[in-house]
Amino acid sequence: MNEHDTEKMACLLSSKGMDRIDDVNSADVVIVNTCCIREKAEQKFYSLMGRLRKIKKRRGTILGVTGCIAQQEKDSIGEKLPFIDFSLGPSSIHRIAEAVDQATRNDHLFDFSDNGCADSLLVEPGNANRKIKTHVTIMKGCNNFCSYCVVPYVRGREVSRESSDILREITSLSKLGVKEVILLGQNVNSYNKGRDDLSFPELLKRINDIGGIERIRFITSHPMDLSQELVECFGSLSKLCESIHLPFQAGSDSILKQMNRRYTIEEYRKKVTLLRERCADIAITADCIVAFPGESEEDFAMTMGLVNDIRFDGLFSFVYSPRKNTAAATLPGTVPREVAFERLARLQKFQKSITLEHNKAMEGKVAGVLVEDWSKNSREEMAGRTRTNKIVNFKGSSDMLGSLVEVEIVKGYANSLKGEIRKSIGGHTC
């Protein structure tokens with residue numbers, strides 16, 4: 001979501017004649033778009049701002065802060081960072097060009113208002129030409145108030161875009177050559193909840209009918225709102241990729257209750273069973289928090305047991321990080337740091353073996369791959385993803401970019417697959 005917000009701001013500034021560069025030492029304007037979902041991100045931000053302050057002092061650079069830290073620290077960011085020229089919350093990024101313009105006149109814009117969907121969500125990147133895949137925001141905010149999560153406090157309550165706006169944007173993207181769209185929202189399953197508009201499954205069906213779009217993905221889902229109607233979209237919508245990100249966060253019901261997740265592990269297991277009964281080859285990834293306050297070794301063993309039973313294709317796991325304003329920040333039972341990181345290491349080592357197991361099971365199979373870019377490993381190889389969202393590297397050429405090809409998987413590694421090209425299958429879904 002932050003990446004997409006950055007794309008939007010870059011587009012708005014480009015429309016004013018500015019060019020995006022990667023070297024902060026040569027830039028006239030530096031914008032730091034921030035995340036505060038974990039403490040480490042905040043620490044890195046403040047460290048970066050110290051370095052940027054020196055550059056600003058030397059070159060007179062216009063320096064702004066946007067995103068979730070800006071929103072979280074709205075009452076004090078001007079005092080903490082008195083050298084910045086402007087600051088905008090996530091719902092105010094549509095004012096980025098205005099903020100830069102004012103800064104050139106030594107006028108400082110600080111806007112942390114929550115203006116719903118009308119402005120920030122309707123900013124389309126506009127730079128999708130020659131892009132193969134892109135993100136499309138369908139909603140923002142969250143109403144769930146999980147006890148550890150800062151999102152409702154920095155991105156606000158749930159607000160859904162009108163389906164007609166989303167469909168128009170995706171139609172425009174398809175005409176620019178975009179082949180894959182990734183629908184974004186903190187909880188896409190609750191899109192248009194309580195509104196007289198398309199439900200999320202209905203929206204998927206309408207997007208599936210848009211010509212030129214070959215693949216549809218979405219993130220993120222909350223298990224509580226995963227409906228039977230959405231499950232049935234897998235396998236019935238030809239363009240909906242067989243992958244889902246379904247965070248479980250903890251394997252213990254007592255910890256889930258403390259997290260205010262509002263489902264049990266048994267309910268989570270049943271959702272996974274429904275997905276796999278509907279679509280046997282679906283790839284399932286998840287998020288998990290280790291060492292939440294009060295987590296015992298028995299609680300952690302339940303998490304390990306869940307991971308062993310479900311055998312996720314991938315797992316994003318982190319040590320619990322207390323966040324400002326959240327209910328969990330005041331909970332007793334802090335897990336000692338050394339215990340927390342030992343548990344995390346144990347979990348990640350175990351999951352790595354499972355991911356490798358999944359990837360090695362692909363050896364000898366032929367998969368459809370959307371060619372996205374040069375491989376990071378070699379300029380002689382191309383890289384793309386399968387419909388189950390696995391990265392495949394294979395020998396190829398730049399004229400394959402944006403095409404769908406058949407690739408035989410010859411080797412499965414921990415984080416990717418090695419393949420050999422079979423044939424191009426043009427614009428047909430694979």
Side-chain angles (χ1 to χ4, degrees), residues 37-40 146 148-149 219-223 226 242-259 261 263-276 279-321 328 333-365 385-386 388-393 409 411-418:
I37 201 73
R38 287 185 296 279
E39 184 180 19
K40 186 176 181 180
C146 298
Y148 55 82
C149 186
I219 49 176
T220 291
S221 295
H222 193 296
L226 183 66
E242 295 81 9
S243 65
I244 188 170
H245 189 68
L246 194 66
F248 68 89
Q249 301 300 6
S252 160
D253 283 341
S254 64
I255 296 297
L256 287 177
K257 186 175 181 180
Q258 289 271 55
M259 289 179 167
R261 290 292 285 176
Y263 58 82
T264 66
I265 284 302
E266 183 58 29
E267 289 169 339
Y268 183 90
R269 288 177 184 272
K270 286 180 179 178
K271 301 274 176 144
V272 170
T273 298
L274 286 173
L275 285 163
R276 286 178 169 161
C279 185
D281 295 328
I282 193 168
I284 301 175
T285 57
D287 295 339
C288 177
I289 296 172
V290 172
F292 188 79
E295 181 188 77
S296 65
E297 187 61 36
E298 182 181 0
D299 292 320
F300 178 68
M302 292 177 187
T303 294
M304 292 289 282
L306 181 72
V307 171
N308 180 59
D309 293 345
I310 291 182
R311 311 198 77 74
F312 296 97
D313 288 74
L315 186 64
F316 298 89
S317 52
F318 311 93
V319 166
Y320 167 73
S321 175
T334 299
V335 177
R337 183 177 176 84
E338 62 275 12
V339 174
F341 281 94
E342 186 277 329
R343 288 177 185 172
L344 180 67
R346 220 188 317 163
L347 174 62
Q348 291 182 339
K349 181 180 180 181
F350 184 43
Q351 177 58 49
K352 187 174 182 179
S353 70
I354 295 172
T355 300
L356 178 61
E357 173 187 294
H358 279 293
N359 289 348
K360 291 191 75 66
M362 291 286 293
E363 293 176 0
K365 296 181 179 179
R385 290 179 186 266
T386 66
T388 53
N389 211 29
K390 297 182 186 296
I391 298 171
V392 185
N393 298 296
I409 307 304
K411 188 70 176 176
Y413 300 105
N415 300 311
S416 64
L417 304 170
K418 178 83 169 179

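Heavy atoms only: backbone and side chains are in, while hydrogens, waters and symmetry mates are out.
- Put simply, the side chain of H358 never gets that close to the backbone of G412: no donor and acceptor are under 3.5 Å apart.
- When every heavy atom of N359 is checked against every heavy atom of K390, the shortest pair comes out as OD1-NZ, 3.4 Å.
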Using a 3.5 Å cut-off and no angle test, enumerate the donor-acceptor pairs between side-chain atoms of residues 279-294 and protein atoms at least two apart in sequence or in another chain.
from, atom 1, to, atom 2, distance (Å)
T285, OG1, H245, ND1, 2.8
D287, OD1, H245, NE2, 2.8
D287, OD2, H245, NE2, 3.3

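- Every residue two or more places apart in sequence or in another chain that forms a salt bridge (charged side-chain N to carboxylate O under 4.0 Å, His left out) with E297 is listed here: R343, R346.
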Apply side-chain hydrogen bond (donor to acceptor under 3.5 Å, both in side chains) to the pair Y320 and R38, showing each step before the final yes or no. CA-CA 8 Å; Y320 167 73; R38 287 185 296 279; over 6 Å; no
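- Looking at residues two or more places apart in sequence or on another chain, you find a salt bridge (charged side-chain N to carboxylate O under 4.0 Å, His left out) between K360 and E363.
- In plain terms, the two heavy atoms of P247 and R261 that are nearest each other are O-NH2, 3.3 Å.
- In this structure, Y263 has its ring center at least 6.0 angstrom away from the ring center of F248.
- In this structure, the side chain of D253 engages the main chain of I265 through a donor-acceptor pair within 3.5 Å.
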Residue pair S317, Q348: steps toward the side-chain hydrogen bond (donor to acceptor under 3.5 Å, both in side chains) verdict: CA-CA 7 Å; S317 52; Q348 291 182 339; 3.2 Å; yes
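- For L256 against T264, the heavy-atom pair with the smallest separation is CD1-C, 4.2 Å.
- Under a 3.5 Å cut-off, the side chain of E295 and the backbone N or O of I255 do not form any donor-acceptor pair.
- In plain terms, the two heavy atoms of K271 and P223 that are nearest each other are NZ-O, 3.1 Å.
- The closest donor-acceptor contact from the side chain of R311 to the backbone of N308 lies under 3.5 Å.
- Within a 6.0 Å sphere centred on CG of N415, other residues, nucleotides and ligands contribute 12 heavy atoms or fewer.
- In terms of heavy-atom proximity, T355 sits nearest to D313 at OG1-O, 3.0 Å.
- In terms of modelled atom types and a separation under 3.5 Å, the side chain of K411 and the main chain of K418 share no donor-acceptor contact.
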